[in-house]
Amino acid sequence: MVQRCPLGADRRQLLSDTTLGGWLEQLLGVPPKDIALYDRALTHGSQAAANYERLEFLGDRVLGLIIAEWLFELFADEPEGQLSKRLNALVTGPVCATVARANGVAARLKLGKQARDDGAADSDNVLGDVMEALIGALYRDHGLAAVRSAIRRLWGDSVTTQARAPQHPKSALQEWAAAHNRRPPDYAIVDRSGPQHAPVFTVRVSIGKLAEASATGTSKQEAETAAAAALLAQLEA
């Protein structure tokens, strides 16, 4: 008669690694060789000192390279300025967070209790950083070819859906001010709230005494972009 043994810590870890490995292979297109890299990429600073931040730093640069290479191939007749606009629109934190949400990253995050209670699992900042960390982990584990294949699949049609390069709201507002002989836009943070891992910034942008608008975002850059878009809509109405 075979006796059932209690599920020990080693076996629980093995089962956990197997489940994570299957999900990663589905997400990234290749089976992980070093599961610890991906485990770290999914670990928030509230959970452990060995968290995703260094891998996010690496993944951010790798993502930029792969998207830039892809745009260079797809839009052979566009000048550098247009390619830069496309690139900047595709590698933002919110875009990375959208990719993460669509592929179940939130459910795999390793968060401390307070961070989870504060909603870090649905934070654009956290999800965007973790997606970049997973890209960094994949690069370290399998190299550039595997990363290229994964990013092209995950970003998919978003790279080609816009026939023209998008104009960033801050650039568009700057150009509007210059064309109308107005002072350059002035941005100011008027409020910062929320926990450290999920801050909310409120930014006001003004063009002299002509007009102003405010907006919020999960980063200073995101709030500035939203404020610029709001003011531009007001000026062009």
Side-chain angles (χ1 to χ4, degrees), residues 44 53 56-57 59-61 63-64 67-68 71 75 78-102 105-106 115 117-132 155-237:
H44 187 259
E53 292 175 0
E56 180 268 328
F57 166 82
D60 175 62
R61 276 72 184 171
L63 174 63
I67 295 293
L71 294 172
F75 304 99
E78 285 193 353
E80 179 273 337
Q82 298 297 97
L83 292 175
S84 292
K85 290 176 182 178
R86 291 185 185 276
L87 174 66
N88 292 336
L90 289 165
V91 299
T92 65
V95 170
C96 292
T98 296
V99 173
R101 285 192 185 92
V105 171
D117 290 347
D118 288 338
D122 195 42
S123 162
D124 275 3
N125 281 352
V126 173
L127 287 172
D129 286 352
V130 169
M131 193 65 236
E132 290 178 337
W155 263 249
D157 294 341
S158 63
V159 178
T160 57
T161 48
Q162 291 176 312
R164 298 180 58 189
Q167 176 78 319
H168 194 280
K170 291 181 67 175
S171 298
L173 184 60
Q174 182 88 14
E175 291 178 9
W176 187 97
H180 291 80
N181 298 313
R182 296 287 182 174
R183 295 173 57 184
D186 179 62
Y187 297 86
I189 298 175
V190 295
D191 186 55
R192 185 191 186 284
S193 59
Q196 186 65 31
H197 62 269
V200 176
F201 293 86
T202 301
V203 166
R204 179 178 62 240
V205 59
S206 59
I207 296 182
K209 295 183 179 179
L210 175 66
E212 66 177 43
S214 298
T216 61
T218 57
S219 69
K220 176 175 175 287
Q221 182 180 16
E222 184 181 316
E224 287 181 350
T225 299
L231 182 52
L232 197 60
Q234 178 182 326
L235 293 169
E236 294 181 338

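For this chain, numbers begin at 1 and follow the sequence in order. The analysis underlying the following values was restricted to heavy atoms, covering all of them including side chains, and did not include hydrogens, waters or symmetry mates.
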Exercise. S158 versus L90: any side-chain heavy-atom pair under 4.5 Å?
Worked result: yes
For this session: Answer whether the closest heavy-atom distance between the side chains of I189 and K220 falls below 4.5 Å.
Result: yes
Seminar exercise, completed: Minimal heavy-atom distance between A223 and G217, with the atoms involved, is CB-N, 3.7 Å
Exercise. Between L232 and P169, is any pair of side-chain heavy atoms under 4.5 Å apart?
Worked result: no
Seminar exercise, completed: Between S219 and N125, the two heavy atoms sitting closest are CB-OD1, 4.2 Å
Exercise. Is the shortest heavy-atom distance from the side chain of D186 to the side chain of V205 under 4.5 Å?
Worked result: no
For this session: Find the distance between OG1 (T160) and CG (D157) and round it off to the nearest 0.5 Å.
Result: 5.0 Å
For this session: Identify whether the distance between the nearest side-chain nitrogen and carboxylate oxygen of R101 and D122 falls below 4.0 Å.
Result: yes
Exercise. What are the two closest non-hydrogen atoms of W155 and V95, and how far apart are they?
Worked result: NE1-CG1, 3.6 Å
For this session: Check E224 against V203 and note the closest heavy-atom contact, atom names and distance.
Result: CG-CG1, 3.8 Å
For this session: Any chance you could measure R204, atom CZ, to E212, atom CD, to the nearest 0.5 Å?
Result: 5.5 Å
For this session: Decide if atom CZ of R182 counts as having more than 12 heavy atoms of other residues, nucleotides or ligands within a radius under 6.0 Å.
Result: no
Exercise. Rounded to the nearest 0.5 Å, what separation is found between the OG1 atom of T92 and the CG atom of L87?
Worked result: 10.5 Å
Exercise. Can you find a pair of side-chain heavy atoms, one from W176 and one from L235, that are under 4.5 Å apart?
Worked result: yes
For this session: Mark yes or no: K170 above the aromatic ring of Y187, with NZ or CZ under 6.0 Å from the six-membered ring centre and no more than 45 degrees from the axis.
Result: yes
Problem set entry | R183, CZ atom: more than 12 neighbouring heavy atoms under 6.0 Å | no
For this session: Measure the spacing between CG of N88 and CD of Q221 and express it to the nearest 0.5 Å.
Result: 8.0 Å
Exercise. Would you call V126 and H44 a side-chain contact if the rule is heavy atoms closer than 4.5 Å?
Worked result: yes
For this session: Can you see which heavy atom on D124 is nearest to which on E222, and at what distance?
Result: OD2-OE1, 4.4 Å
For this session: Would you mind reporting whether D118 and S123 have side-chain heavy atoms less than 4.5 Å apart?
Result: no
Exercise. Is the CD atom of E175 crowded by more than 12 outside heavy atoms at less than 6.0 Å?
Worked result: yes
Seminar exercise, completed: So CG of L71 and CD of Q82: to nearest 0.5 Å the spacing works out to 11.5 Å
Problem set entry | Check: S84/E80 side-chain N/O donor and acceptor closer than 3.5 Å | yes
Problem set entry | Cationic N near anionic O, under 4.0 Å, E78 to R86 | yes
Seminar exercise, completed: Value for CZ (F57) from CG (D129), rounded to nearest 0.5 Å, stands at 13.0 Å
Problem set entry | From CA spacing to verdict: side chain to side chain contact (heavy atoms under 4.5 Å, CB included), S193, D191 | CA-CA 7 Å; S193 59; D191 186 55; 4.0 Å; yes
Seminar exercise, completed: When every non-hydrogen atom of P185 is compared with those of Q174, the smallest separation belongs to CD-OE1, 3.5 Å
